[in-house]
Amino acid sequence: MMVTNTASKLHTFLTKTTSCAPLAVFRMLFGLLMFVSMIRFWWKGWIHEFFISPKYHFSFYGFEWVQPWGEYTYVLFIIAAGSAGLIALGLWYRSATIIFFLSFTYIELMDKTTYLNHYYFISLISFLMIFLPAHACFGLDARNNKNLNSSGIPAWTTLSIKVMVVILYFYAGLAKLNSDWLLKALPMKIWLPAKNDLPLIGDLFDELWVAYAFSWIGCIYDLSIGFLLSYRPTRVIAFLSVIAFHLLTSLLFPIGMFPYIMIFTAMIFFSEGFHEKQLQRIGKALRFSQSFLSSDHTYRYSKPASRFILTIFTFFFMIQLLLPFRYWLYPGELFWTEEGYRFSWRVMLMEKMGTATFVVKDSSGKVIEVNNSEFLTPQQEKMMATQPDMMLEFAHILRDYFSSRGMENPQVFVDSYVSLNGRIGRPLVKPGVDLSKENESFLPKYWITPFHDEIKGL
Amino acid sequence: MVPVNPGTILILNEMVRTLFKNSIWIFLIVSMTGCLEDSKQSDNISEDGSSDRKEMLTFWAESMILPGYLEFDSHMETLALRANAFAASPNSQNLGSLREAWKNAYLNWQKVEMYEVGPAEKYTLRSFFNIYPADVAGIESNISDPTANLELPGAYARQGFPALDFLINGVGANDQAIIAYYQEQNLGSKRLAYLTKLTIRMDGMLSNVISEWNGAYKEEFINKTGLDIGSSTAGMVNAYVLYYERHVRSGKIGIPSGATIAASGVPNPDKIEAFYSEEISRELAQTAQKSFEDFFNGAAGSKTGPSLKSYLNSLGAKDPSTGKLLSDYINEQFVVIDTRLNQLTPSLYNQILTDNQPMVSLYNEMQKLVRILKVDMTSAMSITITYTDNDGD
């Protein structure tokens, strides 16, 4: 009985349909925002600054083959921007999403020091979108192909985007359940007074209770907002708080496009009726034919296709649920070692700063102190100085550089000093360890010093 | 008329309705905020002191930087006058008073060298005042060519206090020989001309810096209250830490003692500050160290004002695991450094030759301080260190 019951529930879930409008609106906003993001990145000179001018790049383990294309990196951005534009238009949608996912993810993987959680989020969303029928209405594909044009789509397709958003927020909230964040208001207590010269509200940032309020409200917000957006009676107030929260954070912290991406993404939680009305209005303004705007067709996947996609999605979401907890497999304090820190929605969680002085010795006893700025950009150096995996990679860059210059068997040591959430600085890497002999892997790095304090919680 | 999208009205309608539905909650939240507001007097982040950066910047400008420059300027004027007097009659009495003026000016320079922000940064005052060791061959070539360009980086070590040190202490084995150097038939007058040229040039540069501080720059400095790149606090902290790292730690102690990794243990005693009057080299370092500490603590003569220390305290900057104030860590390290510095012989040259180990230990303690300032202090203040390492050490 149980089995049939579950099976029939699953069947109902999978065959349930919903309006195409929310996903189509999401597609257009997503495509447009990504297009703007790419142009903004270019306009700010960041393509050159981050991907062309640095002499060396920090790679993700296993993705060392992903390197910038020199001057042709601009082409990569044109491809990403162009495919984002196509996504917005709903033209050649399937190819456009594949190309966008690949080009955007490639860009993201080119240099680890530019890693941002919201880039990762965009990669994930664009991956999901490859399989979703977001082009089934209100796009050029749907206009060109009457058989595609649909008003209904399987409900689980839109749901998958919402689930991803809920995971992002909820896990960002879980990551805040730690003693530094909740009991010591760190790092808010450090960051907020930096803005105490803002007009009107500046004085508030000197107040301890404000740092605590930011910490606690931020945590509660992250944990609950996904569900409040999903639940109809709380939806509007939740959306207003999304706007308020993200605009406030964008005022206080340099987080670029992220607030806008999250505000627009949250609109997918609005009712079908809301989105349909928007599309009708825009459609009428653009003089689209009524037959195009209201098709009676419902988009359905073929059986093998839906089985294939659902299998992929099941794995995808299982990974999403488990990956942030991989840090449990490592000894030591996550914030200190950062083993398993990325790809886990840990956003603005800690104030970490450091310096790392590298020393190269050869077999004859000759010692060279490395001037980091000869090899790295200030941004790369700053990121490297607090993250052990990047220190290791830099040590390898130095080893290879000095051997190519004829140094025999260069040994590389780092004298590091890192402060975490106001704790007085300590070495992050054991000083006597020759990093030229250590290899990158997913195994725990024994050469990271133990954290001298305890941060309780997740 | 601006056409209003009916969709916007629809969403606004829905929002307003929900707002009213949820008005009880809003009322509760607002009244809670009100309660919290009442308790704000007692629950400041601050331990003591004010986190008002404008107050700190004002105190720096009006009570530390400008008075520091003015005092230094009076010594520079005396130095220029005495150089003129010596040039007029190069005798041993005039040489003695010139040396005295040079020493006083040099000691006073140690009190203002760290203020390389704004005008001093624009004119790169330090590069023209205190790059050592002096370039002796360059000085001699400049003497024979009065049109030589002193603005180029290659000319830094041919001017300033180190060049004057050579000219009044290093050109002869004793006073007689030095005076003879200036009475020499062919080059004597050219040598004297170079000596006065250098002092006049220094005095003029300093006057430019002071007049800019007295002009528009002071307001600009005080009003850039942010902490981003380009703000006064971030600029001053960068200049302050850079000064200590390169010009106190490395310049005065690390390079001459060979304690820096780059020197790999080979001492260079001839690279000490004031090489030709080595007996004041420790005093110069002590003066610099003391001024550096006074700036941190906001000690301006007899009064104490808003400072890095009081600002850090106002932020509640302390190690969350030990509860100890960051400013205490810093002041304790000051004491360690002072103690080691005071144990050195007055001539750092002799110290290096007879027993270099205390120099190396002092360097290591200074390095600890650099890290606390560069990492812990900037992290607590949300300031980014924007200067990059160079090959200076």
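Below, chain A is the first sequence line, B the second, and so on; all start at residue 1. Just so it is clear, the values below take in all heavy atoms, side chains as well, and ignore hydrogens, waters and symmetry mates.
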List for me each residue that meets salt bridge (Lys or Arg N to Asp or Glu O under 4.0 Å) alongside A/Lys44, sequence neighbours excluded, and say none if there are none.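 Applying salt bridge (Lys or Arg N to Asp or Glu O under 4.0 Å) to A/Lys44 gives none.
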Minimum heavy-atom distance between A/Trp191 and B/Ser382, given as atom pair plus value: CD1-OG, 3.8 Å
So is A/Lys352 actually on top of A/Phe335's ring, under 6.0 Å and inside 45° of the axis? no
Under a 4.5 Å heavy-atom cut-off, does chain A meet the side chain of [X], its backbone, both or neither?
| X | answer |
| --- | --- |
| B/Thr378 | both |
| B/Ile372 | both |
| B/Arg53 | side chain |

Highest number of heavy-atom pairs under 4.5 Å with chain B: which of A/His452, A/Met353, A/Lys382, A/Glu454? A/Met353
If you tally heavy-atom pairs under 4.5 Å against chain B, which of A/Ile424, A/Asn196, A/Ile190 wins? A/Ile424
Check: A/Tyr56/A/Gln380 side-chain N/O donor and acceptor closer than 3.5 Å: no
Name the option with the most non-hydrogen atom pairs under 4.5 Å to chain A; the candidates are B/Asp319, B/Thr384, B/Leu326, B/Asp228. B/Asp319
Take the angle between the ring planes of A/Phe358 and A/Phe394 and call it parallel below 30°, perpendicular above 60°, tilted in between.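 Answer is perpendicular, since the angle exceeds 60°.
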Exactly one of A/Glu351, A/Arg423, A/Met350 should register a side-chain contact (heavy atoms from CB on, under 4.5 Å) with A/Asp180. Which one does? A/Arg423
Give, as side chain, backbone, both or neither, the part of A/Asp203 having an atom under 4.5 angstrom from any heavy atom of chain B. neither
Please state whether the side chain, the backbone, both or neither of A/Leu186 comes within less than 4.5 Å of a heavy atom of chain B. side chain
